[in-house]
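Letters A, B, ... are given to chains in the order of the sequence lines, protein chains preceding strands, and every chain is numbered from 1.
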Amino acid sequence: MRLYEYEGKELFAKFKIPIPKGKLAQTPEEVEAVVAELKVPVVLKSQVLTGGRGKAGGIKIANSPAEAKNAAQQLLNLKIKGFPVERILVEPKLDIKKEFYIGVTIDRANYKLVVIASGEGGMDIETVAEKSPEKIFKKYYDIDEEMYGFDAIDIAKKIGLGSEQIKEANAIITSLFRFFKKYDAKMAEINPLVLTGEGKLIAADSRVSLDDDAVFRHPEPAEMGIEKRHEEGEMTPREMQAKEWDIPYLDLDGNIGMFPGGAGFGIMGNDFIHYYGGKPANFMDSGGGPTPERLAKMLVLLDENPSVKAIFGARFGGISRCDDFAKGVVMFLKEHGLSKPMVVRMTGNMWQEGVRIFEDAKKENPDNFKNIEFHGIETPIEEIAKRAVELARTAGGR
Amino acid sequence: MRLYEYEGKELFAKFKIPIPKGKLAQTPEEVEAVVAELKVPVVLKSQVLTGGRGKAGGIKIANSPAEAKNAAQQLLNLKIKGFPVERILVEPKLDIKKEFYIGVTIDRANYKLVVIASGEGGMDIETVAEKSPEKIFKKYYDIDEEMYGFDAIDIAKKIGLGSEQIKEANAIITSLFRFFKKYDAKMAEINPLVLTGEGKLIAADSRVSLDDDAVFRHPEPAEMGIEKRHEEGEMTPREMQAKEWDIPYLDLDGNIGMFPGGAGFGIMGNDFIHYYGGKPANFMDSGGGPTPERLAKMLVLLDENPSVKAIFGARFGGISRCDDFAKGVVMFLKEHGLSKPMVVRMTGNMWQEGVRIFEDAKKENPDNFKNIEFHGIETPIEEIAKRAVELARTAGGR
Amino acid sequence: MAILVDKKSRVMVQGITGGAGKFHAKRMLEYGTNIVGGTSPGKGGTSVEGKPVFDTAFECVKETGADTSVIFLPAPFVKEAAIEAIRAGVKLVVVIPEHIPIQDMMLVRKEAVKHKVTVIGGNTAGIITPGECNIGIMPDIAFAPGRVGTVSRSGSITYYVADTLTRTGYGESTCVGLGGDPVLGSTFDEILWMFEEDEKTRAVVMTGEIGGVYEERAVDAIKKMKTPVIAMIGGIFAPPGKRMGHAGAIVEGKMGTAKEKLEILAAAGAHPAKTFLDIPEILKILKV
Amino acid sequence: MAILVDKKSRVMVQGITGGAGKFHAKRMLEYGTNIVGGTSPGKGGTSVEGKPVFDTAFECVKETGADTSVIFLPAPFVKEAAIEAIRAGVKLVVVIPEHIPIQDMMLVRKEAVKHKVTVIGGNTAGIITPGECNIGIMPDIAFAPGRVGTVSRSGSITYYVADTLTRTGYGESTCVGLGGDPVLGSTFDEILWMFEEDEKTRAVVMTGEIGGVYEERAVDAIKKMKTPVIAMIGGIFAPPGKRMGHAGAIVEGKMGTAKEKLEILAAAGAHPAKTFLDIPEILKILKV
């Protein structure tokens, strides 16, 4: 889960990493009031869960409360890569002498934590990494290793910090590392770490992403008002609905509703539809062992989407059982009804029970099933994908 | 530093180790009031920094507030191994089905942490360890190793806890281990860990000793009102005074005031005095690199002790410098004056400066020096010890 | 012959008294998997499907001689269960649950490497050597004994690939689900090398997907292996994924698109497949 | 010949800009100790007594070829300084400060064992090979080159023993202060074995004291050594020490009184001495 800059900074402050004395504001009036209490000039920083904010005009400088109010108005009308600006972090403008980069992340392929540092901090760090890799310094740690101060000092010196700054740098770098481990972060960046004209180091920006799967053991961010959220990206209303139901879901621009089993075939099935000339309307993951209720909700998302002309269903029962799958579909048909044609293949664990549930429900109300074509293991999944493309073409007139 | 039972239990509670719902009281009236709020019968437990409390009558059971008040009065008049009882922990009496022992300590010789457990908990655990070592179970850990729940469960089963208790036992044992490491303990014991008639586990007693040298990094005990103190033992007024001055000092029953350098010769010099027929009046350690002020205070402790008939001074300057030693002695002589005969040997780092300081001070005021015999490296320390014994014999008339 | 599991595998189910554990223990037993016992702290002394339940893996391994563990426990308990199984002396740990915290899995991996134990998952469907041993949640209907090994990050893809191999008569030697979590107990290359050593395995189907970092690690193995590898990567038409920020880009390089991954593997000598139906076609050409 | 340090030792002083560091660096230099530099984070680029100061031990070792470190820093900083020195590649670390937290010293010891580095202390007076190298705070007046090695927990005892050996003409090969803290970087047996290997050392004087656990570890070494060992234990007349509780008694057994320690060592073949003056008498009998 990605954090806003101000949230990351609040957490940094808990670890005694120095941050500018800023304040969050949500309206031009709030911004004006905040600036009245700060030293001008100030920086107004749009809080959005994406990069490239600076280039998109999401950062403004103001020399008075009135000027800041005006600038805030402009920012709050801005969208950055589709993200509306709703919050502004107001900070005194720093006297920047030099910018550094410090980050911690996970090298998954090698099962290590990595501390990354560079004397060329600022917006173009990825370009630096690509074009001048010698300017990027990395240090690897085993998951159960501690980072000592001397390592931090070593890093600080390698990226060009002087003897005067190494004690501060030591505190900042070891704190960032401790923060990373303590809160199960996937990424924690200070970019830039600013050396001010006065010779102080300060974390001018934060970029933090936490491991969603470890949130359960960290009550503190929630206590600070940091809510659980997707990695990043603006959500469509349907994605919002899916999120509320805790279903991984993405709208795509096609017309075939994808009702797959696990994420693996969710991704692969998308390719298959393309191979056969169709375009999926969504990506979806049922998660392991979904309940009938959850499966019914997944179908609601598809049936109520006007872009969806046909539904491609696939269930290979593993941890998710075919009987539950059938129950979910039947529940959906009873409570909601299916308005689109659907082709489904069902096999795997408990498929006999699944088939029986379908047959019983069909006997009870054959009308509910008139839009559905059922297949078992005898039909290759590729044929089902082809059929879904055909159904969508017929229904959508394409 | 040794903690009182109630202090250890408070820390245990922070780690979610279950403890009886008790309360501390300091007067019979307080005890009475506390008991009025608890279920009778209750146990009144004398809080003293020593073992053997039970055998000394320091634990009483009461069935009513009035009975408790009476019992408290008796306890508050008690001395246990010389420790006056000043605090009483009042707890509801447990329904004891079985008693276990769980402890964590350091195996210094092997550089390991050790978890020790036994199904034979209670007062005689040391006897069990000696006579039936097979009933004592030990598990060793490297200093940077974590204790996992399965280890705790393994220990719990080995000491005879049943499947019903292992989840509780897991929580208690892993918590005790975490507590030990987190607070730099030297020892943390739950003895007995009681299995109640209802099948619950509860820490009925605590015995905790923290590493004095690590207290600086643990503000929490101090915040809870746990003050820094000696390991254990009642102090004489002079020992109290020395403690206030932060000088390691013990009163002994002889008549030779020991004014040694480091702890090493403090101990060995004591033997020498005995070899030559004398008896030291004290043990004392100047600590590494004492200031002149500190050395002067050390002499005050000796000169003001009426038991001291002569003073045996030895300084081999290492981290402690002879010039500082001489300054301290001179400071003492000027401000306080010496009323006892003293024999001193001084050599080692900066001895020439030390000698010069003495000579200058003596020129200024020869009277101050009339009780002192000085020696340098040419005289073996054994001769100095012999001379101190002689001086004491002459002065003390023995 | 097979890799990782066969009819001699002595399987312990960690979390055997839970809903999923009990359900799949029964299924695995019905398949013929040699389940020797299970664990559930606090339930030692009871039994599930006639198999003894122990409080600890240590006891289970000691009493039953278990050499393989499959974990059916909520994600927060997986770290300790896996490390316990490793220390208790099993040689293979299969982690079925998903959403294992990354740091937990890294610790498990470190412990596994130290003790030379193979950990599979988390978020894996398991491992099956058809006709001998089915560990995890894989539906037996898809599988038949045969001569092609499969390794995949996704459970459903494993089933579809096996389903195709079964229908076309090749069958499978062993099918391994690496798992779908971001950090995994084992990587493609490690499993490929096991297949290379296995006499029964005449070809391997490796299926990966967009994102992640483990497909790229397979390049060297594919180059050096004698056994042919068919590679299939999902997500060729998926919308571009999102990066976690600069640090990720610096460490992991440009995130491999599915197309790039497939190209890299093909360049190393793997035979690319688009759909499952391509697989038997390629096997025919390879004369497997 | 000597153990641990000699005139070729290249010594780094960690904490060289502090009061004690500066004072003793000067003393050590005056003795002829080959100090090549020092460390003080934030003061890199300056110098003390003409020797370069570095921000880190890594830099100091790289630039000066230091192979030995002596630490003059407040106790809370010792753990990191010692581990830094070990990782930077020195072969010996001498920890002068006292009151090092026990857990810190245990971590340092673990790191030292891993890297095959000797750590001496904390709370040691240091090590001296008379006439060649004096590391720590030992007063040179007590020492003269010679043929008896000494190892002691106490600084002052080291001085008195050496003073005696020097006055009686035996002199010292090397004198090692193990240190007075409760957990130490090295133990008696480890140092005894070094003396056993040293040609110049004809006898060893080992001085211990009441309490602690390291004297007992020497028994096996004394039994096997060819070099004679003279043992002296302080605290024969000390009041009995206090135990930390049952756990300590269970792990460490009955706390050795000074008398018991001396008896155990004598039984292993050590020659017991009561006062320092006994030492030359014993050496004479041993014909050292």
Under 3.5 Å, is there a donor-acceptor pair between the side chain of [X] and the main chain of [Y]?
X      : Y      : value
B/E382 : D/L277 : yes
D/R153 : B/G264 : no
B/D144 : D/L107 : no
B/D271 : D/G234 : no
B/Y111 : D/L184 : yes
D/Y160 : B/P380 : no

State the [atom1]-[atom2] distance between [X] and [Y], to the nearest 0.5 angstrom.
X      : Y      : atom1 : atom2 : value
D/I236 : B/Y275 : CD1   : OH    : 5.0 Å
D/M106 : B/I106 : CE    : CD1   : 5.5 Å
B/T379 : D/R167 : OG1   : CZ    : 8.5 Å
B/I377 : D/I141 : CD1   : CD1   : 4.0 Å
D/T164 : B/I381 : OG1   : CD1   : 9.5 Å
B/M268 : D/T275 : CE    : OG1   : 9.5 Å

(request) Give the member of D/P76, D/A125, D/G136 that has the highest number of heavy-atom pairs under 4.5 Å with chain B. (result)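 Of D/P76, D/A125, D/G136, D/P76 has the most heavy-atom pairs under 4.5 Å with chain B.
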
(request) Could you check which of D/G126, D/S154, D/A20 has the highest count of heavy-atom pairs closer than 4.5 Å to chain B? (result)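 Of the options given, most contacts go to D/S154.
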
(message) If the contact rule is any heavy atom under 4.5 Å from chain B, which residues of residues 108-119 of chain D qualify, in numerical order?
(response)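 Listed by number: D/R109, D/K110.
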
[X] versus chain B, heavy atoms under 4.5 Å apart: side chain, backbone, both or neither?
X      : value
D/Y214 : side chain
D/I96  : side chain
D/Q103 : both

(message) Applying side-chain contact (heavy atoms from CB on, under 4.5 Å) to D/M138 and B/F316, what does each step give before you reach the verdict?
(response) CA-CA 9 Å; D/M138 294 195 192; B/F316 215 129; over 6 Å; no

(message) Please tell me whether B/F265 and D/Y159 form a close aromatic pair, meaning their ring centres lie under 6.0 Å apart.
(response)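 That pair fails the under 6.0 Å test.
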
(request) Not counting sequence neighbours, which residues clear side chain to side chain contact (heavy atoms under 4.5 Å, CB included) with B/A385? List them please. (result)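 In terms of side chain to side chain contact (heavy atoms under 4.5 Å, CB included), with neighbours along the sequence ignored, B/A385 is linked to B/F272, B/I273, B/Y276, B/F312.
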
(message) Restricting to non-hydrogen atoms, name the atom on D/P139 and the atom on B/G348 that form the minimum distance, rounded to 0.1 Å.
(response)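 The pair with the smallest heavy-atom distance is CB-CA, 3.3 Å.
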
(message) Under 4.5 Å from any heavy atom of chain D, what part of B/D184 do you find: side chain, backbone, both or neither?
(response)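 Both backbone and side chain of B/D184 come within 4.5 Å of chain D.
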
(message) What part of B/R315 gets within 4.5 angstrom of chain D, counting heavy atoms only: side chain, backbone, both, or neither?
(response)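 Contact with chain D: backbone only.
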
(request) Identify whether the distance between the nearest side-chain nitrogen and carboxylate oxygen of D/D163 and B/R345 falls below 4.0 Å. (result)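 Counted as a salt bridge, because a side-chain N and a carboxylate O are separated by less than 4.0 Å.
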
(message) Take a 6.0 Å sphere around NZ of B/K181 and say whether it holds more than 12 heavy atoms from other residues, nucleotides or ligands.
(response)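 Yes.
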
(request) Please examine the side chains of B/N349 and D/R27, heavy atoms only from C-beta on, and report whether any two atoms are closer than 4.5 Å. (result)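 SC-SC contact between D/R27 and B/N349 confirmed.
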
